[in-house]
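Only one structure is covered here, and it is reproduced in the block below.
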Amino acid sequence: MGTDNSDGGDDERQIRRGGGRRWAAGLAGALALARARRSVLVIDAGQPRNAPAGQVHNFLGHDGTPPADLLAAGRDEVTRYGGEIVAGTAEDATRDGDGFLVTLHDGRDVRARRLLVTTGLVDELPDVPGLAGRWGRDVLHCPYCHGWEVRDRRIGVLATGPLAAHQAQLWRQWSPHVTLLLHDVPEPDAEEAERLAARGIAVVDGPVAALEVTGDALTGVRLTSGEVVALDAVVVAARATARAGVLRSLGLAPADVEMAGHVVGAQIPADPTGATAVPGVWVAGNVADVPRAGGHGRRGRADRRRGHQRRPGRRGDRRRRRRLPA
């Protein structure tokens with residue numbers, strides 16, 4: 001773990017905490033710094049957020065690549081330019097003179113002048129039996145990430161918050177077979193019910209008791225009433241909370257992030273450059289940017305998609321409820 005002094009004597013090590021997530025912010029930062037002839041050490045816990053997914057999508061030039069392959073390529077690029085990568089989890093960080101002392105889970109200590117923390121986030125799923133085991137496969141959250149793979153299939157949106165109806169409308173772009181499952185939310189009001197009915201989105205009274213799986217495929221959800229709703233995929237709104245353990249040891253705590261007045265997660269406050277309130281500590285990726293984790297290009301496309309959603313017509317009963325056959 002030597003230090004590169006070839007830039008004229010600037011003797012400093014930069015630690016990148018977190019080796020990978022959806023867009024591998026830690027490795028991307030490490031690569032740029034290694035190419036700038038900085039001494040870089042990546043502490044990689046080997047727990048990327050997208051590990052359950054079979055493929056990466058909407059990543060130009062790498063669409064369809066397995067996440068593990070993308071990370072392996074990134075690690076190879078970092079080490080090619082002299083960056084170091086060690087397996088481990090940073091448990092604690094403290095001030096050490098003009099730098100930092102980082103303690104790993106196995107008791108090892110490493111020192112650095114600066115820290116870039118890219119620990120990502122944890123997706124906190126609703127408490128429904130079977131949900132976690134299917135996460136990233138046929139339990140999904142982002143239509144721009146997974147919509148193509150379940151196009152024209154039977155999709156159920158698990159309603160656990162006030163944004164669920166909007167989520168159902170969004171997924172309607174990918175399939176005409178979308179069902180809003182009222183898990184622990186009230187029925188839509190008359191205006192919302194009309195919008196859902198206008199696009200053929202069924203509304204099913206819940207709550208959902210468990211997932212139904214046959215072989216190794218989701219086949220539906222079972223309601224507490226005993227009724228089974230046949231589905232090919234379930235969409236959830238996971239609460240996204242920053243992995244902030246090592247940051248808390250530095251006095252940095254996550255702050256709630258709201259969308260439409262609803263808390264959707266928590267992230268570490270930072271300025272536009274990623275600088276935190278602790279001098280010498282930066283954050284990047286989902287740990288600092290929960291609602292915009294999908295990237296600027298996809299965010300703009302999502303905004304346009306919302307603007308293009310069709311306005312509701314005046315078809316049928318405004319309070320219409322339709323159940324799908326089991």
Side-chain angles (χ1 to χ4, degrees), residues 21-22 46-57 66-68 120-172 174-187 196 201-241 243 262-265 286 290 293 321-326:
R21 55 169 201 87
R22 171 76 185 180
Q47 297 176 339
R49 180 190 177 200
N50 63 350
Q55 298 176 326
V56 169
H57 296 293
L121 56 81
V122 175
D123 293 294
E124 299 176 356
L125 303 178
D127 186 17
V128 174
L131 208 63
R134 308 301 304 180
W135 178 239
R137 303 169 68 189
D138 35 33
V139 173
L140 313 169
H141 72 297
C142 172
Y144 297 99
C145 301
H146 307 288
W148 177 263
E149 282 65 43
V150 293
R151 63 194 184 280
D152 298 326
R153 308 296 296 277
R154 299 167 300 180
I155 300 170
V157 176
L158 188 69
T160 57
L163 300 177
H166 167 73
Q167 199 174 18
Q169 292 278 6
L170 196 59
W171 279 86
R172 178 60 180 80
W174 281 264
S175 174
H177 313 296
V178 176
T179 301
L180 183 63
L181 305 165
L182 301 180
H183 181 59
D184 57 5
V185 299
E187 293 186 352
L196 294 168
I201 297 173
V203 178
V204 172
D205 296 324
V208 173
L211 268 61
E212 293 286 312
V213 178
T214 301
D216 189 31
L218 178 79
T219 56
V221 297
R222 178 165 37 86
L223 307 180
T224 54
S225 65
E227 178 184 359
V228 173
V229 179
L231 297 169
D232 301 301
V234 170
V235 173
V236 301
R239 180 186 170 100
T241 301
R243 287 176 172 153
H262 177 62
V263 176
V264 297
N286 285 152
V290 166
R321 294 289 181 272
R322 178 163 61 89
R323 289 186 178 273
L324 296 182

Please name all residues satisfying salt bridge (charged side-chain N to carboxylate O under 4.0 Å, His left out) with R239, sequence neighbours left out, ordered by chain then number. E124, D256

Sequence neighbours left out, what passes side chain to side chain contact (heavy atoms under 4.5 Å, CB included) with R137? Give chain and number order. R134, D216

Is R172 reaching over with its side chain to a backbone N or O of Q169, donor-acceptor style, under 3.5 angstrom? no

Any salt bridge (Lys or Arg N to Asp or Glu O under 4.0 Å) involving residues 155-171? Give me the pairs, sequence neighbours left out, ordered by first then second residue. none

Run the side-chain donor-acceptor check on residues 230-238: report pairs under 3.5 Å with partners two or more places apart or on a different chain.
{"residue": "D232", "atom": "OD1", "partner": "R153", "partner atom": "NH2", "Å": "3.4"}
{"residue": "D232", "atom": "OD1", "partner": "R154", "partner atom": "NH2", "Å": "3.0"}
{"residue": "D232", "atom": "OD2", "partner": "R154", "partner atom": "N", "Å": "2.9"}
{"residue": "D232", "atom": "OD2", "partner": "R154", "partner atom": "NE", "Å": "3.0"}

From CA spacing to verdict: side chain to side chain contact (heavy atoms under 4.5 Å, CB included), L182, V204: CA-CA 6 Å; L182 301 180; V204 172; over 6 Å; no

What heavy-atom pair brings A168 and L196 nearest, and what distance separates the two atoms? CB-CD2, 4.5 Å

Would you check if the side chain of H183 reaches a backbone N or O of T160 as a donor-acceptor pair within less than 3.5 Å? no

What residues, two or more places apart in sequence or in another chain, satisfy side chain to side chain contact (heavy atoms under 4.5 Å, CB included) together with A210? P129, R222

Looking at NE2 of H57 and CD of E149, how far apart are the two atoms once the value is rounded to the nearest 0.5 Å? 3.5 Å

After noting the C-alpha distance and the side-chain angles of L211 and D138, does the key distance pass the side chain to side chain contact (heavy atoms under 4.5 Å, CB included) rule? CA-CA 11 Å; L211 268 61; D138 35 33; 5.7 Å; no

Which pairs, with at least one residue in residues 174-185 and sequence neighbours excluded, count as a salt bridge (Lys or Arg N to Asp or Glu O under 4.0 Å)? none

Any side-chain heavy-atom pair from V150 and S175 closer than 4.5 angstrom? no

So, do V203 and E187 sit near enough that their side-chain heavy atoms are less than 4.5 Å apart? no

For V185 and A159, the nearest pair of non-hydrogen atoms, with its separation, is CG2-CB, 3.5 Å

Nearest-0.5 Å distance that lies between atom NE2 in H177 and atom CG in D152: 6.0 Å

Please name the pair of heavy atoms, one in W148 and one in W174, separated by the smallest distance, quoted to 0.1 Å. N-CD1, 3.5 Å

Note: L180 and I201 closest approach over all heavy atoms is N-CG2, 4.2 Å

Between NE2 on residue H141 and NE2 on residue H146, distance to nearest 0.5 Å: 5.5 Å

Between the main-chain N or O of V122 and the side-chain N or O of T241, is there a donor-acceptor pair closer than 3.5 Å? no

Between atom CG of N286 and atom CG of N50, what is the distance when rounded to the nearest 0.5 Å? 10.0 Å

Answer whether the closest heavy-atom distance between the side chains of L181 and V157 falls below 4.5 Å. no

Quick check for you: to the nearest 0.5 Å, what is the distance between W171 atom CH2 and T179 atom OG1? 13.5 Å

Contact summary for A240 and V290, nearest pair of heavy atoms: CB-CG1, 3.6 Å

